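All chains are named by letter (A, B, ...) in the order of the sequence lines, taking the proteins before the strands, and each is independently numbered beginning at 1. Just so it is clear, the structure is predicted and the values come from calculations on it, not from any experiment.
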There are 2 protein chains.
Amino acid sequence: MEPLAPLPAESLTRSTRDQILNAALTTATTHGISRLSVGDVAKAAGLSRQTLYRHFTSKDDLIAAVVVQETSTLIEQVIRAASGFDSPQDSLEAGFLAALIALREHPLLDQLVRTEPDALIPLLTTGGGPVMSQVRGVVELVILMGQPEIDSGHLRRTADLLTRLLISYAVSAPDDSPEVIANFVAASLTPVLTANQPTPKISNTEVQP
Amino acid sequence: MEPLAPLPAESLTRSTRDQILNAALTTATTHGISRLSVGDVAKAAGLSRQTLYRHFTSKDDLIAAVVVQETSTLIEQVIRAASGFDSPQDSLEAGFLAALIALREHPLLDQLVRTEPDALIPLLTTGGGPVMSQVRGVVELVILMGQPEIDSGHLRRTADLLTRLLISYAVSAPDDSPEVIANFVAASLTPVLTANQPTPKISNTEVQP
DNA sequence: GGTTGACAGAGTAACAAAGTTTGTCAACTT
DNA sequence: AAGTTGACAAACTTTGTTACTCTGTCAACC
């Protein structure tokens with residue numbers, strides 16, 4: 001359950017570690033998570049089970065490392081995609097689009113949602129869980145990239161909404177293409193995001209800031 | 001699995017049927033779904049198991065009837081709440097608000113999401129399942145009430161998005177009050193909904209109508 | 001329209017035996 | 001220093017068995 005550095009003293013070769021991580025990813029993708037054994041991963045990586053235990057303290061540690069690697073890559077992709085735009089809407093749209101495509105094309109995520117939804121979906125959709133909070137953090141970051149001066153209430157609300165949409169799209173793919181969805185979502189939310197009022201229109205229902 | 005009328009010939013008393021449905025709802029709320037027995041429901045309704053089987057052909061039939069009753073009530077509430085507004089935004093906001101409150105205050109749904117999420121959440125969040133399509137149907141209806149002339153692509157996209165948000169809020173309650181959420185969502189989506197162009201802003205990414 | 005009790009078959013719980021898998025050792029190779 | 005092998009107890013799964021509860025239907029009765 002330790003986040004990093006389970007290495008003995010100096011540092012083992014990085015390539016062996018990566019090799020193991022890749023093997024874990026591919027075996028998980030083909031055989032599923034529930035039936036994933038350390039022996040299988042070691043075999044796929046072309047080394048022995050005991051060698052694997054020199055790089056990762058436990059099976060949980062290995063799985064955690066795979067998750068960290070995959071999420072980091074994903075987050076990097078999204079942030080890179082959202083960078084270098086003048087308008088906040090373009091930035092949001094590009095980031096959302098990159099996220100949609102990356103999620104849809106992620107082989108392991110895709111496989112797991114299809115074959116082991118009962119284990120995965122509650123994990124993704126539960127508000128208290130780590131997934132929603134991490135995703136929301138990234139979404140807030142992307143919004144802030146396009147609009148550093150934004151009202152914090154707006155930011156929180158919008159990030160929460162976008163997070164829920166992203167996870168929903170990841171869990172069950174929409175009919176429309178990612179491009180259409182991203183365009184639609186960005187166009188819908190940017191005006192409200194850009195506005196200065198805490199709530200965009202005073203209506204007949206009460207509003208609590 | 002038949003939708004209605006499992007009655008023998010003429011028609012049994014409606015009150016007994018309702019009594020059973022209420023008993024089923026309350027026992028399910030207190031004891032959960034997985035441990036729900038027909039015997040318990042009959043006991044709670046103050047009649048014998050065999051009498052219950054005169055009104056419902058099977059346990060599944062009983063559960064289906066409860067679900068139909070609850071969803072009908074919910075849908076009625078939402079549609080009534082959305083009626084009688086001039087502006088599409090007010091109509092949408094009121095409908096969305098009613099749905100959020102009804103979902104949050106529904107005792108059985110609330111209990112199930114907390115105690116048996118692994119069984120329920122995949123059912124709710126799966127795109128192919130009956131829940132999303134039925135909810136989307138109602139959402140489309142509410143939007144059409146406020147805006148009968150709307151472009152069908154807009155309608156479909158917006159209804160899909162709102163459905164995903166509703167289900168997400170039902171599964172994990174947001175930090176903000178239902179009032180704030182409904183106001184925010186309606187304010188975000190109404191402008192796009194009201195616009196005439198198929199896509200609200202032509203951006204650097206391709207758009208498929 | 002309602003009740004009771006009885007009953008076969010389906011489904012679930014409990015649990016022990018058999019089999020995997022995990023995590024750790026010490027001894028050995030390159 | 002990094003990796004390999006085989007051996008091993010403890011933890012966890014799977015499998016098969018048995019006992020139980022629940023469903024759905026019966027016929028006889030108010």
Exercise. Below 4.0 angstrom, N of the basic side chain to O of the carboxylate: do A:Glu76 and A:Arg80 qualify?
Worked result: yes

Exercise. Can you check whether B:Thr57 has a side-chain N or O nearer than 4.0 Å to OP1 or OP2 of D:dG24?
Worked result: no

Exercise. Hey, is the side chain of A:Thr16 poking within less than 4.0 Å of OP1 or OP2 on D:dG3, counting only N and O atoms?
Worked result: yes

Problem set entry | Separation of D:dA2 P from A:Gln19 CD (nearest whole Å) | 15 Å

Exercise. The side chain of B:His55 lies closest to which of these nucleotides: C:dC7, C:dG2, D:dT4?
Worked result: C:dG2

For this session: Calculate the interatomic distance between A:Arg54 atom CZ and C:dT30 atom P; express it in whole Å.
Result: 16 Å

Exercise. If you measure from CZ on B:Phe96 to OH on B:Tyr169, what distance do you get to the nearest 0.5 Å?
Worked result: 6.0 Å

For this session: Could you check whether A:Ser48 gets within reach of a base, just the sugar-phosphate, or nothing at all, counting any heavy atom under 4.0 Å?
Result: base

For this session: With the side chain of B:Gln50 defined as its heavy atoms from C-beta on, choose the nearest nucleotide among D:dG3, C:dA6, D:dC22.
Result: C:dA6

Problem set entry | Between A:Thr26 and A:Thr29, a side-chain donor and acceptor under 3.5 Å | no

Exercise. Is any side-chain N of the basic residue among A:Asp176 and B:Arg157 closer than 4.0 Å to the acidic one's carboxylate O?
Worked result: yes

Problem set entry | Electrostatic pair A:Asp40:A:Arg35 at N-O distance under 4.0 angstrom | no

For this session: With DNA chain D as reference, determine whether A:Arg35 or A:Leu47 sits nearer its 5' end, using the nearest nucleotide of each.
Result: A:Leu47

Exercise. Between atom CZ in B:Arg17 and atom C1' in C:dG2, what is the gap in whole Å?
Worked result: 17 Å

For this session: Using whole Å, report how far CG of B:Leu62 lies from C1' of D:dC22.
Result: 14 Å

Problem set entry | Nucleotide C:dG9, atom P - distance to NZ of B:Lys59 in whole Å | 21 Å

Problem set entry | Nearest-Å distance for atom pair CG/P, residues B:Leu36 and C:dT12 | 13 Å

Exercise. Are A:Thr51 and D:dG3 close enough that a side-chain N or O sits under 4.0 Å from OP1 or OP2?
Worked result: no

Problem set entry | Options C:dC7, C:dT3, C:dT22, nucleotide nearest the side-chain atoms of A:Tyr53 | C:dT22

Exercise. Rounded to whole angstroms, how far apart are NZ on B:Lys43 and P on D:dT21?
Worked result: 13 Å

Exercise. For the pair made of CZ in A:Phe56 and P in C:dT24, what is the distance, rounded to whole Å?
Worked result: 15 Å

Problem set entry | A:Arg49 vs D:dG3: side-chain N/O to OP1/OP2 distance below 4.0 Å | no

